[in-house]
Amino acid sequence: MGGGPDQQSALTCRAGSPEIGGPSPGALSRLLPNVGGPNATCRKLFEDIVRSMALYGAPVWADRLTAKNAPLLRQAQCIMAVRAIRGYRTVLSGHGCFGRYLCRLGREPTSGCHHCDTGDEDTALHTLQECPAWTEQRRQLVAFTGLDLSLPAVVRTMVGSRTGWDAVSSFCEHVMFAKEEAERERERTS
C-alpha cells in the first residue's frame, strides 16, 4: 500500500471520527456469495483482512476515539460480522440439506429427519435444538451459548467473541458436512 495510514488505510480519521474508508471492505464482501460460497476458513480470512485494515489506521485514530464516535467503529465491525455470517444464514434459515427444504424442492419424498428416529420434520431448528444425532456437537455449542439455542442467541454468540464464533462455526461445519454427505449417499443409492 502506498501513502500513509491517513491516506489509504481502511480505517481513517475524518473530522476526528473513525470510519471505514475506501472500497476495500465492500469489494472484499462481494467475494463471499451467500449460496455455494466460500467455507468458514475463507470467511474468517475475510474478517481478519478487514480487521487488519482497521487496525492499520489505529495509530491515527486511536487517540481520537471517544464514547461519542466509538459506535462508528462498532458499526463497521458489525457490518463485517454480518457479511461473514450471511453464509450461515442459508443454513440457519432452513435452506440447504434439510428434509423440509429438500421435500419442497421434490428432491426427497418426505420432510422427515434422516439422522434420528423421532419422526420429526428435518428443519434447521430441529437440527440445532433437538436432533439426537447431534447431541455431542450441541453440548459443545451450549458451552458457549448457554441453553438458549434460539437464532438470536446463536448470532449473539457468533459476533460476541472469537471462541463463540468458532463454536458456532464448528457446529455448523460438522453437522452440515455430515448432512450433505448423507444426502449425496442417498442420491447415489437411489
Student: Using side chain to side chain donor-acceptor pair (under 3.5 Å) as the criterion, list what pairs up with Q137, not counting sequence neighbours.
Tutor: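 With sequence neighbours excluded, Q137 shows a side chain to side chain donor-acceptor pair (under 3.5 Å) to H174, given in chain and number order.
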Student: Strictly below 4.0 Å, N to O, side chains only: are R188 and E185 in salt-bridge contact?
Tutor: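 Salt bridge: yes.
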Student: More than 12 heavy atoms of other residues, nucleotides or ligands under 6.0 Å from CG of D63: yes or no?
Tutor: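 Atom CG in D63 is packed in, count exceeds 12.
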Student: Locate the shortest heavy-atom distance separating C97 from E183; write the atom from each residue and the value.
Tutor: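 Result for this residue pair: CB-OE1, 3.0 Å.
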Student: Hey, could you give me the CG/CD distance between D120 and Q129, rounded to the nearest 0.5 Å?
Tutor: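 If we round to the nearest 0.5 Å, D120:CG and Q129:CD are 11.5 Å apart.
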Student: Go through the steps to decide whether H114 and E108 satisfy the test side-chain hydrogen bond (donor to acceptor under 3.5 Å, both in side chains), and finish with yes or no.
Tutor: CA-CA 11 Å; H114 290 281; E108 287 284 338; 2.9 Å; yes
Student: Is S170 reaching over with its side chain to a backbone N or O of A167, donor-acceptor style, under 3.5 angstrom?
Tutor: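 Here the side-chain-to-backbone pair does not exist.
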Student: Applying a strict under-4.5 Å side-chain criterion to I, L, V, M, F, W and Y, I'd like to know whether F144 and V175 cluster together.
Tutor: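 The answer is no; the residues belong to distinct hydrophobic clusters.
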Student: Which residue pairs satisfy the salt bridge (charged side-chain N to carboxylate O under 4.0 Å, His left out) criterion with at least one member in residues 138-147, sequence neighbours excluded?
Tutor: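 Pairs touching residues 138-147 that pass the test: E136-R139.
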Student: Can you list the steps and then say if D122 with T127 is a side-chain hydrogen bond (donor to acceptor under 3.5 Å, both in side chains)?
Tutor: CA-CA 7 Å; D122 185 18; T127 300; 3.3 Å; yes
Student: I need the R104 CZ to S111 OG distance, nearest 0.5 Å.
Tutor: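 The CZ atom of R104 sits 10.5 Å away from the OG atom of S111.
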Student: Between W134 and A178, what is the shortest heavy-atom contact and its length?
Tutor: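 What the structure gives for the nearest pair is CH2-CB, 3.5 Å.
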Student: Working to the nearest 0.5 angstrom, can you tell me the gap between E130 CD and T118 OG1?
Tutor: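 Output value for this atom pair is 8.0 Å.
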Student: Quick one, Y101 and T123 - any side-chain contact, counting heavy atoms below 4.5 Å?
Tutor: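 No, every pair of side-chain atoms sits at 4.5 Å or beyond.
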Student: Measure the CG-CG distance between L151 and L128 for me, rounded to the nearest 0.5 Å.
Tutor: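 Rounded to the nearest 0.5 Å, the CG-CG separation comes to 8.5 Å.
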Student: If the condition is side chain to side chain contact (heavy atoms under 4.5 Å, CB included), which residues does T145 pass it with, not counting sequence neighbours?
Tutor: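 So T145 forms a side chain to side chain contact (heavy atoms under 4.5 Å, CB included) with L141, V142, L149, T157.
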Student: In Å, rounded to the nearest 0.5 Å, how long is the span from CZ of R100 to OG1 of T110?
Tutor: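 OG1 of T110 is found 13.0 Å from CZ of R100.
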Student: Give the minimum heavy-atom separation between A182 and H115, together with the two atoms involved.
Tutor: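 Between these two residues, the closest heavy atoms are CB-CE1, 3.6 Å.
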Student: Decide yes or no for E121 and C113: does some side-chain heavy atom of the first lie under 4.5 Å from some side-chain heavy atom of the second?
Tutor: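 The answer is no, as the side chains (C-beta and beyond) never meet within the 4.5 Å cut-off.
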Student: Could you pull out the closest heavy-atom pair between M176 and F98, with the gap in Å?
Tutor: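 Scanning both residues, the minimum pair turns out to be SD-CZ, 3.8 Å.
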Student: Please assess E181 against R184 for the test salt bridge (charged side-chain N to carboxylate O under 4.0 Å, His left out), listing each intermediate value before the final yes or no.
Tutor: CA-CA 5 Å; E181 193 60 36; R184 282 190 287 276; 3.0 Å; yes
Student: Are any of the side-chain heavy atoms of M158 and S169 separated by less than 4.5 Å?
Tutor: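 Side chain of M158 against side chain of S169, heavy atoms only: no contact under 4.5 Å found.
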Student: Does atom CG of L147 have more than 12 heavy-atom neighbours from other groups under 6.0 Å away?
Tutor: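 It does not: L147 CG has 12 such atoms or fewer within range.
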